[in-house]
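For reference, the structure discussed in these notes is given below.
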There are 2 protein chains.
Amino acid sequence: MTVPEQRLQEALTTLKKSGVRITPQRHAVLEYLMQSMKHPTADEIYKALEDKFPNMSVATVYNNLRVFLDIGLVRELTYGDSSSRFDCNTSDHYHIICDECGKIVDFHYPSLNEVEQLAEQVTGFDVSNHRLEVYGTCEDCQQMAKH
Amino acid sequence: MTVPEQRLQEALTTLKKSGVRITPQRHAVLEYLMQSMKHPTADEIYKALEDKFPNMSVATVYNNLRVFLDIGLVRELTYGDSSSRFDCNTSDHYHIICDECGKIVDFHYPSLNEVEQLAEQVTGFDVSNHRLEVYGTCEDCQQMAKH
DNA sequence: AAACTAAATTATAAGCATTCTAATGTAAGA
DNA sequence: TCTTACATTAGAATGCTTATAATTTAGTTT
Ligand SMILES: [Mn+2]
Ligand SMILES: [Mn+2]
Ligand SMILES: [Zn+2]
Ligand SMILES: [Zn+2]
């Protein structure tokens with residue numbers, strides 16, 4: 001069984017444990033998310049599934065994403081004024097985003113505890129967490145620029 | 001002359017140099033921004049000025065904020081699904097945000113070059129910049145929680 | 001297998017921040 | 001003072017997301 005398939009099975013088990021019904025639409029949204037490496041938007045998921053489910057409402061996609069969020073199966077990524085993106089990788093990781101094409105790529109970095117600690121000292125806040133994104137140009141767009 | 005007053009004068013000079021007309025509304029939006037420490041939203045600016053300019057359109061606030069952004073007089077801060085906030089402090093600094101009351105406080109930290117460099121190596125991106133926000137509970141809200 | 005019922009789906013309306021449009025007004029130079 | 005390009009205004013439009021209410025259905029109970 002591939003990693004995405006395994007994650008899907010685990011997610012389905014978690015949903016059942018939480019008393020959430022497994023509908024065909026819900027299953028499809030979850031399956032698409034688990035197999036996607038692209039941090040898709042709600043609308044991208046909706047469009048990707050419209051062949052399989054021509055009558056599915058966009059509200060169903062949003063409803064299900066909210067269910068998955070509440071249970072902790074996915075993360076919501078919010079960037080500026082555009083639409084939210086959804087990440088089925090819930091382990092600790094950061095994102096680097098291409099300024100040209102918008103591609104979002106995972107990367108790991110040993111936690112920024114020092115920053116949190118300094119912020120706490122300087123501001124008197126009781127710090128809970130942080131968010132970090134790095135921006136730049138991806139390899140594909142660097143190549144495009146050369147030609 | 002206070003620091004906000006001085007920044008306002010400098011900003012007005014920059015605007016004139018760029019061939020941008022100084023209208024009463026534009027002046028008021030700029031003055032409010034420069035004197036505010038609160039990273040206000042467009043709507044907060046609009047409401048703060050409605051006594052002085054009862055007929056001002058909310059579009060005027062947005063139009064002027066865009067002009068200021070284009071010239072580099074202010075920074076736009078985008079957080080999740082809520083509305084943009086605007087920061088007249090264009091020098092390098094980070095923000096820490098209260099989970100309870102939403103307060104946004106500036107803090108400084110020696111740049112995160114190492115993170116940018118590692119991200120570059122691992123992903124092959126050509127890195128341009130990054131964003132970081134720290135979240136937690138502010139001192140006021142910590143006090144409130146005690147009582 | 002049929003009935004039941006709470007939950008899910010659907011189509012559509014509504015909400016909110018932001019931008020667009022077109023008419024009117026005005027800052028600043030000639 | 002005249003001129004005109006730029007700015008403001010009110011309101012419509014847009015894009016993403018959530019709410020509503022009717023219909024359908026997953027999963028349990030009989
Ligand atoms: Mn990710
Ligand atoms: Mn700031
Ligand atoms: Zn790219
Ligand atoms: Zn607070």
Side-chain angles (χ1 to χ4, degrees), chain A residues 11-32 39-71 73-86 102, chain B residues 11-32 39-71 73-86 102:
Chain A
L12 288 170
T13 305
T14 308
L15 284 174
K16 278 178 195 158
K17 260 187 219 155
S18 308
V20 173
R21 292 183 185 167
I22 312 300
T23 66
Q25 295 90 336
R26 179 164 289 160
H27 188 281
V29 172
L30 192 58
E31 186 177 37
Y32 182 81
H39 307 85
T41 64
D43 199 59
E44 282 168 2
I45 298 169
Y46 175 64
K47 285 193 164 52
L49 299 179
E50 71 181 354
D51 283 351
K52 234 182 188 172
F53 297 91
N55 295 318
M56 184 167 66
S57 169
V58 69
T60 298
V61 176
Y62 280 103
N63 288 342
N64 281 311
L65 288 170
R66 189 134 312 278
V67 169
F68 301 157
L69 284 171
D70 291 346
I71 300 184
L73 291 178
V74 303
R75 292 250 180 93
E76 185 172 6
L77 311 177
T78 55
Y79 301 123
D81 47 352
S82 73
S83 41
S84 283
R85 300 190 159 271
F86 297 88
Chain B
L12 288 170
T13 306
T14 306
L15 283 175
K16 277 178 195 157
K17 259 189 219 154
S18 309
V20 174
R21 292 185 185 165
I22 312 299
T23 65
Q25 294 91 335
R26 178 163 290 161
H27 188 282
V29 172
L30 191 59
E31 185 177 38
Y32 182 80
H39 308 85
T41 64
D43 199 60
E44 282 168 4
I45 298 170
Y46 175 64
K47 285 192 164 51
L49 300 179
E50 70 181 354
D51 282 351
K52 232 182 188 173
F53 297 90
N55 296 319
M56 184 167 64
S57 168
V58 69
T60 298
V61 177
Y62 280 102
N63 289 341
N64 282 310
L65 288 170
R66 189 135 313 278
V67 169
F68 302 157
L69 283 171
D70 291 346
I71 300 183
L73 291 177
V74 302
R75 292 252 179 93
E76 185 173 7
L77 311 177
T78 56
Y79 300 124
D81 47 354
S82 74
S83 40
S84 283
R85 300 190 159 270
F86 296 88

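Order of the sequence lines fixes the chain letters, A, B, ..., with proteins taken first and strands second; residue numbering starts at 1 for each chain. Because only heavy atoms are used, hydrogens play no part in the values below, and waters and symmetry mates are left out as well, while side chains stay in. In this text, all values refer to a predicted model and were calculated from it rather than measured experimentally.
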Q | Test side-chain contact (heavy atoms from CB on, under 4.5 Å) applied to B:V67 and B:V74, B:V20, B:L30, the passing residue | A | B:V20
Q: Please determine, for the side chain of A:N63, which listed nucleotide (D:dT8, C:dA8, C:dT10) has the closest atom?
A: C:dT10
Q | Which nucleotide in C:dT5, C:dT9, D:dA10 has an atom nearest any side-chain atom of A:R21 | A | C:dT5
Q: May I ask you to say what B:N55 touches in the nucleic acid, namely base, sugar-phosphate or nothing, with a heavy-atom cut-off under 4.0 Å?
A: sugar-phosphate
Q.
If I take atom CZ in residue A:R66 and atom P in nucleotide D:dT17, what distance separates them, rounded to the nearest angstrom?
A. 10 Å
**Q.** Rounded distance in Å - CG (A:L65) to P (C:dT9)
**A.** 11 Å
**Q.** Shortest side-chain distance from B:T60, nucleotide among D:dT8, C:dT9, C:dA11
**A.** D:dT8
Q) Once you round it to whole Å, what is the distance between P of C:dT18 and CD of B:E76? A) 8 Å
Q | DNA chain C: 5'-proximal contact among A:S57 and B:S82 (nearest heavy atom) | A | A:S57
**Q.** A:S83 side chain, from C-beta outward: closest of C:dT10, D:dT8, D:dT17
**A.** D:dT17
Q: Round to a whole Å and report the spacing from NE2 of A:H27 to C1' of C:dA8.
A: 16 Å
Q) Does the side chain of A:R66 reach to within under 4.5 Å of the side chain of A:E76, using non-hydrogen atoms? A) yes
**Q.** 4.5 Å side-chain heavy-atom contact, A:H27 and A:L12
**A.** yes
Q: Could you tell me the separation between the CZ atom of B:R85 and the C1' atom of C:dT18, rounded to a whole number of Å?
A: 16 Å
Q: Write down the distance between CZ (B:F53) and P (D:dT9), rounded to a whole number of angstrom.
A: 8 Å
**Q.** Nearest listed nucleotide, side chain of B:S84, among C:dT18, C:dT9, D:dT8
**A.** C:dT18
(Q) Would you say A:R26 places a side-chain N or O within less than 4.0 Å of OP1 or OP2 belonging to C:dT9? (A) yes
Q) Rounding to a whole Å, what distance do you find between B:L77:CG and C:dT18:P? A) 12 Å
Q) Can you find a heavy atom in the side chain of A:V29 that is under 4.5 Å from one in the side chain of A:Y32? A) no
Q | Nearest-nucleotide pick for A:Y62, side chain only, options being D:dC16, C:dT19, D:dT9 | A | D:dC16
Q. Would A:L65 and A:I45 count as a side chain to side chain contact (heavy atoms under 4.5 Å, CB included) if you check the C-alpha gap in whole Å, the side-chain angles of each, and the deciding distance to 0.1 Å?
A. CA-CA 10 Å; A:L65 288 170; A:I45 298 169; 4.1 Å; yes
Q | Nucleotide nearest A:M56 (side chain, heavy atoms from C-beta), chosen from D:dT8, C:dT10, D:dT18 | A | C:dT10
Q. Base, sugar-phosphate alone, or nothing: which one does A:P24 contact when heavy atoms must sit under 4.0 Å apart?
A. sugar-phosphate
Q: Measure from the side chain of A:V20, starting at C-beta and using heavy atoms only, and say which of D:dT8, C:dA8, C:dA11 lies closest.
A: C:dA8
Q) Of the candidate nucleotides C:dT10, C:dA8, D:dG11, which contains the atom at the shortest distance from the side chain of A:T23? A) C:dA8
Q.
Tell me the interatomic distance from A:D43, atom CG, to D:dT14, atom C1', rounded to whole angstroms.
A. 14 Å
Q) Within the structure shown, what part of the strands sits under 4.0 Å from A:N64 by heavy-atom distance: base, sugar-phosphate, or nothing? A) sugar-phosphate
(Q) Looking at D:dT25, I'd like to know if its phosphate oxygens (OP1 or OP2) sit under 4.0 Å from a side-chain N or O belonging to A:Q25. (A) no
Q. Going through the checks in order, is the side chain to side chain contact (heavy atoms under 4.5 Å, CB included) test met by B:L15 and B:L73?
A. CA-CA 9 Å; B:L15 283 175; B:L73 291 177; 3.9 Å; yes
Q: Kindly point out which of D:dG27, C:dT10, D:dT9 is positioned nearest to the side chain of A:I22?
A: D:dG27
